[in-house]
Amino acid sequence: MSIIGWIVLGLLAGIIAKALMPGRDPGGFILTILIGIAGALLGGWLGKVIFDVDSIDGFFELSTWIAAIVGSLILLGLYRLVAGRRHS
C-alpha cells in the first residue's frame with residue numbers, strides 16, 4: 001500500500017477504535033490518525049508473529065482492516081492507561 005493508503009487506513013481504523021472504546025480521550029484528530037497508523041502496523045506485525053499470516057494484504061482485504069482495528073484498540077487502551085495516570 002502507498003503512504004496515502006496507510007494514512008487513510010489509519011484514520012479510519014483510529015475512528016473505528018474510538019467508536020468501539022467510547023470515553024474521553026486526551027487527543028484530537030491528529031492523534032487518532034497516529035494511533036490508527038501505528039495500530040495498523042502493530043496489528044499486521046502481531047498477525048504475522050502469532051498466526052503466521054500476511055494480514056496486511058491490501059486496502060480492501062478484511063484481514064487488513066481487522067488487523068488495523070485490533071492494533072488500534074490495543075494502542076488506544078495503552079494510551080488511555082498512560083495518559084490517565086499522568087492526569088490523575
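Values below: every heavy atom of this structure, side chains too, minus hydrogens, waters and symmetry copies.
Note that OG of S72 is 8.0 Å distant from CG of L9, once rounded to the nearest 0.5 Å. Here the CD1-CD1 distance, from I74 to I35, works out to 12.5 Å after rounding to the nearest 0.5 Å. The distance from atom CD1 of I69 to atom CG of L20, rounded to the nearest 0.5 Å, is 7.0 Å.
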Item to check | Test side-chain contact (heavy atoms from CB on, under 4.5 Å) applied to L73 and I16, step by step | outcome: CA-CA 9 Å; L73 286 169; I16 292 169; over 6 Å; no
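A donor-acceptor pair is defined here as one N or O able to donate and one able to accept, closer than 3.5 Å; no such pair exists between the side chain of R80 and the backbone of L75.
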